[in-house]
Amino acid sequence: MKEAKTQVNKVLNKLIPLYAHVPIGIKYVTPFQLVVGVILSAQCTDERVNQVTATFFDDFQTAQDFAQLSQAKLEKMIKPTGFFRNKAKNILGAANMILHDYQGVIPNSMKELIKIPGFGRKTANVILARLYEINEGVCVDTHVMRLSQRLRLTKHKDPIRIERDLMAITSQKHWETLSHCLIWHGRKVCKARKPNCTECVLNKICPFAPAPFAGSSV
DNA sequence: CTCCCGATAT
DNA sequence: ATATCAGGAG
């Protein structure tokens with residue numbers, strides 16, 4: 001716990017200068033387009049999500065716009081992002097629920113957001129932080145999970161416990177920054193398959209870094 | 001735990 | 001061939 005706090009402070013000091021001013025990867029204009037982008041981003045790169053959404057975001061902007069689509073047509077539109085049946089069903093379900101239960105306004109609490117089909121804590125955290133500047137938790141995606149384990153910010157493997165650990169060792173104002181930085185660093189440097197420890201600014205404090213670096217020799 | 005799933009890197 | 005990508009539901 002104490003060690004993890006010290007560690008996460010070092011991590012933030014190193015990563016904030018690199019990534020704090022980098023915008024989020026998912027491109028969107030309207031609030032519901034962010035909802036669509038986040039749903040599509042499950043197990044799919046932001047790059048591909050943007051490539052796909054660019055083909056129809058001009059024509060579809062609000063929950064009302066998307067609610068008018070048929071399941072089949074929406075599936076075709078989003079197919080390259082994978083899981084296209086589930087994602088299409090979730091987008092239509094979300095559009096209809098927001099339209100009918102929330103008067104077209106996306107809810108601003110975790111409690112309400114996770115009632116929406118396809119919304120777990122990670123998705124809800126992104127929506128809350130981006131649309132309302134509310135931080136009820138830390139976004140834990142595949143990158144945050146991997147880097148948290150490599151840097152020993154947690155000893156757990158499941159997203160819920162990892163989120164709880166990250167919330168415990170950082171102040172709330174840093175929650176969004178932490179996940180944002182870990183995600184970008186995970187993409188660019190601390191990659192799942194071939195981590196570039198040689199050029200990593202964390203290699204001296206990272207237990208996962210191989211022999212030449214300080215991390216592994218502790 | 002398994003399943004959903006296409007596209008890319010290794 | 002296999003692992004991976006801003007996950008969530010059953």
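Everything numeric here is computed off the predicted structure, so don't read it as measured data.
Put simply, A:Val38 and A:Val105 are part of the same group of oily side chains (I, L, V, M, F, W, Y) that touch within less than 4.5 Å, one to the next.
Toward the 5' end of DNA chain C, the nearer of the two residues A:Pro117 and A:Cys139, judged by each one's closest nucleotide, is A:Cys139. Summary of the strand contacts: A:Ile114 and A:Val38 both lie near DNA chain C, and taking for each the nucleotide with the nearest heavy atom, the more 5' one is attributed to A:Val38.
Residue A:Gln71 qualifies as enclosed at atom CD: its count of foreign heavy atoms under 6.0 Å is above 12.
A salt bridge does not link A:Asp101 with A:Lys115: none of the charged nitrogens is closer than 4.0 Å to a carboxylate oxygen.
For A:Lys87 and B:dG6, the NZ to P distance is 11 Å, given to the nearest whole Å. If you take CG of A:Asn50 and P of B:dA7, they are 17 Å apart, rounded to a whole angstrom. Between the C1' atom of B:dT8 and the CD atom of A:Glu47 lies a distance of 10 Å, rounded to the nearest Å. Atom CD of A:Gln51 is separated from atom C1' of B:dA7 by 9 Å (rounded to the nearest Å). Counting to the nearest Å, the P atom of B:dT8 and the NZ atom of A:Lys194 are 19 Å from each other. A:Phe84 places its CZ atom 17 Å from the P atom of B:dC3, with the value rounded to the nearest Å. What separates NZ of A:Lys89 from C1' of B:dC5 is a distance of 14 Å, to the nearest Å.
Nucleotides C:dT4 and B:dC5 are separated by 13 Å at their C1' atoms, to the nearest Å. For C:dA6 and B:dC3, the P atoms lie 24 Å apart once the distance is rounded to whole Å. If you take atom P in C:dA3 and the same atom in B:dT2, they sit 14 Å apart, rounded to whole Å.
Across all strands, A:Ile24 comes closer than 4.0 Å to base atoms (heavy-atom distances). Among the protein residues, A:Thr123 comes within range of the sugar-phosphate backbone only, with heavy atoms under 4.0 Å from sugar or phosphate atoms but none that close to a base. Nucleic acid contact class of A:Arg146 (heavy atoms, under 4.0 Å, all strands): sugar-phosphate only.
Using a 5.5 Å limit on the distance between ring centres and a 30° limit on the angle between planes, the aromatic ring of A:Phe83 does not count as stacked on the six-membered base ring of B:dC5.
For the side chain to side chain donor-acceptor pair (under 3.5 Å) test with A:Tyr19, the passing option among A:Lys14, A:Lys188, A:His185 is A:His185; the others fail.
Interatomic distance, CG of A:Asp46 versus CH2 of A:Trp184, reported as 7.0 Å (0.5 Å rounding).
Counting only heavy atoms from C-beta outward, the side chains of A:Thr154 and A:Leu166 never approach each other to under 4.5 Å.
Read 5' to 3', the first and last nucleotides of DNA chain C with an atom closer than 4.0 Å to a heavy atom of chain A are C:dT2 to C:dA9.
When atom types are taken as modelled, the side chain of A:Lys122 and the backbone of A:Thr142 share no donor-acceptor pair closer than 3.5 angstrom.
Considering only side-chain atoms of A:Arg48, the nucleotide from B:dA9, B:dT8, B:dC5 that sits closest is B:dT8.
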